[in-house]
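Everything below concerns the one structure shown next.
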Amino acid sequence: MVRKVNPREDFLQRFVRLIFSIMEIKAARSVPGKSLQYDRVKVGGSAAKNGVCRFWMAGCCNRSDCRFLHPEVPAPGVKKSWKNPNYHVPKTSQIGGVPRRQGPEFEVKSAKKTCDVMHNAQTSETKDAIKRQNKEPKKQLCKYWVTGNCVYGDQCKNLHSWYYGDGFTMLAKLNGHTKAVTGIALPSGSDMLYSVSKDKSMRVWNCHTGQCGEVVNFEDECGSLMCEGPCIFVGLPNAIKAWNLECQAEVALNGPVVGQVYAMEAGNNMLFAGTQDGNISVWKTCSSEVAATLKGHTGAVVSLIVGANRLYSGSMDKTIKMWDLETLKCLQTLHGHSEVVMSLLCWDCFLLSGSLDGQIKVWAATESGKLEVVHECDEGHGIIRFCGITDAETKPILLCSCNDNSVRLYDLPSFTERGRIYAKAEVRTLQIGTGGLFFTGDATGQLTVWKLNENVSS
């Protein structure tokens with residue numbers, strides 16, 4: 001005999017089931033560390049079996065607290081890999097090499113091992129900018145303390161110090177420049193530190209006493225500084241001045257240099273100079289005449305780095321170009337930044353680029369040899385300069401200067417912040433020395449000496 005269903009009774013039964021489902025969901029929500037969306041997947045009964053959100057099925061549910069099932073929501077703790085599906089570990093490092101001056105003294109590992117570490121260390125999708133939570137230090141620099149007007153003294157809740165973090169200390173401030181420091185160099189075998197500035201001077205500092213022993217004045221602002229072996233090079237508008245420190249002789253470099261020289265780099269027995277007109281002038285070793293001019297950028301070249309028989313150039317035209325050091329031909333133009341590419345750094349099989357758009361991009365070679373972005377971070381502030389160093393345990397550290405008047409110290413490959421340095425103005429240049437020393441030069445002309453602590457493990 002078929003029993004007729006009373007509409008009122010059927011409604012009451014469905015209502016009771018709904019009440020129990022809501023109670024189960026609330027109980028699941030009360031469990032610490034669990035999210036509502038994940039717990040809806042695990043709740044039993046008809047709500048879990050039949051309560052799939054029809055708006056979600058149509059792809060248009062916009063309610064973050066929807067009470068119906070969204071079954072493809074990932075479980076807590078299940079992290080997505082940011083590994084690029086088109087990325088293949090090259091048989092040999094396509095970028096790597098241990099960069100000089102701008103680059104860190106990184107321990108060279110195999111490309112595959114390094115790539116695996118990078119892939120396993122990250123938690124976001126490829127090419128999705130990571131905005132790290134809580135990346136600001138616990139304390140902020142007191143702006144009143146900077147100007148000497150903080151009335152709270154030791155009771156101030158903000159930081160009364162030029163740095164934050166336990167892994168490094170400030171050794172000295174070198175005063176003398178009156179405008180922005182644009183270059184720092186430590187020639188090999190010398191106990192002298194060289195710095196150039198927009199105040200049209202080069203200062204020579206004694207590394208033992210911290211005193212300035214010599215000042216060289218120029219007619220124009222200095223745009224860059226580089227040392228290679230016993231030679232030191234100063235980039236000026238329409239010219240490069242060079243000295244051989246061993247024989248104390250000036251070396252003349254002739255050739256078409258148009259505009260300010262913003263960046264210089266050496267590699268494969270050649271000197272490269274990036275200029276305001278967008279060209280890169282090339283000199284051979286022991287020659288004063290320009291051997292070639294690399295053309296292609298439509299804006300000033302402001303950053304250069306050499307790695308694994310490649311030259312990389314960053315420009316105001318928002319692109320990076322990869323040049324072959326043997327043929328001096330452009331192999332690839334990298335697009336991705338929306339502002340000036342201010343700094344470049346080679347680390348193992350990766351190329352790091354920093355831009356005024358606030359992005360740090362990590363590039364790696366595909367199986368075809370082309371570079372692609374495999375990871376990126378959003379700093380929230382324009383990036384001015386990169387530098388790399390290793391701590392006492394040979395762990396690589398990235399020094400990243402931003403236009404919020406700070407320098408962040410990041411552990412690689414995780415990009416975990418271990419400390420921060422503050423300045424009165426933008427830190428325009430960074431340089432590393434030996435024994436954990438590194439140097440910063442800001443837009444006020446302040447040159448500061450820092451040192452990594454030997455007994456601190458990150």
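Position 1 is the first residue of the sequence; numbering continues from there. Remember, it's a predicted structure, so these values are computed and weren't measured experimentally.
Note that CG of Leu311 and CD1 of Ile280 are 5.5 Å apart. Values are rounded to the nearest 0.5 Å. Between the NZ atom in Lys395 and the OG1 atom in Thr390 there is a gap of 12.0 Å [rounded to 0.5 Å]. Distance check: Ile421 CD1 to Phe438 CZ gives 4.0 Å after rounding to the nearest 0.5 Å. Put simply, CZ on Arg408 and CD1 on Ile383 are 8.5 Å apart, with the number rounded to the nearest 0.5 Å. Rounding to the nearest 0.5 Å gives a distance of 6.5 Å between CG of Leu399 and CD1 of Ile389. The distance from the OG1 atom of Thr319 to the NE2 atom of His297 is 5.0 Å, given to the nearest 0.5 Å.
Atom NZ of Lys179 sits in a sparse spot, with 12 or fewer heavy atoms from other residues, nucleotides or ligands closer than 6.0 Å. Counting heavy atoms of neighbouring residues, nucleotides and ligands inside a 6.0 Å radius, atom NZ of Lys424 does not exceed 12 of them.
Within the 4.5 Å cutoff, the side chain of Leu334 has heavy atoms near those of the Leu351 side chain. The shortest distance between side-chain heavy atoms of Gln431 and Thr429 does not fall below 4.5 Å. In this structure, the side chains of Tyr422 and Asn405 stay at 4.5 Å or more apart for every pair of heavy atoms. Ile305 has its side chain out of reach of Phe386: every pair of non-hydrogen atoms, C-beta onward, lies at least 4.5 Å apart. Taking the side chain as every heavy atom from C-beta outward, Leu193 and Leu174 approach each other to under 4.5 Å. Between Leu328 and Met270, some side-chain heavy-atom pair lies under the 4.5 Å cut-off. For the pair Leu271 and Glu228, the minimum side-chain heavy-atom distance is 4.5 Å or more. The side-chain heavy atoms of Trp205 and Met192, taken from C-beta on, include no pair separated by under 4.5 Å.
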Under the side chain to side chain contact (heavy atoms under 4.5 Å, CB included) rule, what do Val251 and Phe233 come out as? Steps first, then yes or no, please. CA-CA 9 Å; Val251 180; Phe233 304 87; over 6 Å; no

Test log, rule side chain to side chain donor-acceptor pair (under 3.5 Å), inputs Ser353 and Trp363: CA-CA 8 Å; Ser353 62; Trp363 307 77; 2.9 Å; yes

Can you list the steps and then say if Phe439 with Leu430 is a side chain to side chain contact (heavy atoms under 4.5 Å, CB included)? CA-CA 6 Å; Phe439 309 85; Leu430 299 165; over 6 Å; no

Would you check, one step at a time, whether the test side chain to side chain contact (heavy atoms under 4.5 Å, CB included) holds for Tyr194 with Leu186? CA-CA 6 Å; Tyr194 293 76; Leu186 293 92; over 6 Å; no

Can Lys321 and Thr333 be said to form a side chain to side chain donor-acceptor pair (under 3.5 Å), step by step? CA-CA 4 Å; Lys321 287 186 178 292; Thr333 299; 2.7 Å; yes

Could you go step by step and tell me if Asp357 and Lys318 meet the salt bridge (charged side-chain N to carboxylate O under 4.0 Å, His left out) rule? CA-CA 10 Å; Asp357 63 10; Lys318 308 173 187 177; over 6 Å; no

Stepwise, does the side chain to side chain contact (heavy atoms under 4.5 Å, CB included) test hold for Trp323 with Leu294? CA-CA 9 Å; Trp323 310 82; Leu294 310 185; 3.7 Å; yes

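Applying the salt bridge (charged side-chain N to carboxylate O under 4.0 Å, His left out) test between Lys361 and each of Glu372, Glu376, Glu379 identifies Glu376 as the sole match.
Looking at Thr169 and Trp450, their side chains never bring a donor and an acceptor atom within 3.5 Å of each other.
Using a distance-only test at 3.5 Å, with no hydrogens or angles considered, a donor-acceptor pair links the side chain of Asn238 to the main chain of Gly259. With hydrogens and angles disregarded, no donor-acceptor distance shorter than 3.5 Å links the side chain of Asn244 to the backbone of Cys231. Put simply, the side chain of Thr293 never gets that close to the backbone of Ser281: no donor and acceptor are under 3.5 Å apart. A donor-acceptor pair under 3.5 Å is formed between the side chain of Asp199 and the backbone N or O of Thr178. Thr182 places a side-chain N or O within donor-acceptor distance of the main-chain N or O of Cys222, the cut-off being under 3.5 Å. Side-chain N or O atoms of Gln332 include one that pairs as donor or acceptor with a backbone N or O of Leu371 at under 3.5 Å. A donor-acceptor pair under 3.5 Å is formed between the side chain of Ser355 and the backbone N or O of Val340. Using a distance-only test at 3.5 Å, with no hydrogens or angles considered, no donor-acceptor pair links the side chain of Asp411 to the main chain of Ile397.
Two rings, from Phe350 and His375, have their centers 6.0 Å or more apart.
Across Val301 and Gly278, no two heavy atoms sit closer than the pair CG2-O, 3.5 Å. The shortest non-hydrogen separation linking Ser406 to Asp404 is OG-OD1, 2.7 Å. The two atoms that bring Ser195 and His177 nearest to each other are OG-NE2, 2.8 Å, heavy atoms only. When all heavy atoms of Cys346 and Gly307 are compared, the pair lying nearest together is SG-CA, 4.0 Å. Across all their heavy atoms, Ser197 and Ala180 have their closest contact at OG-O, 2.9 Å. Considering all non-hydrogen atoms of both residues, Val302 and Arg385 come closest at O-NH1, 4.1 Å.
A salt bridge links Arg310 with Asp324: at least one charged nitrogen is closer than 4.0 Å to a carboxylate oxygen.
Listed by first and then second residue, the side chain to side chain donor-acceptor pair (under 3.5 Å) pairs that reach into residues 267-276 are Thr275-Asp277, sequence neighbours excluded. Among residue pairs with one or both ends in residues 238-255, those qualifying as salt bridge (charged side-chain N to carboxylate O under 4.0 Å, His left out) are Lys241-Glu250; sequence neighbours excluded.
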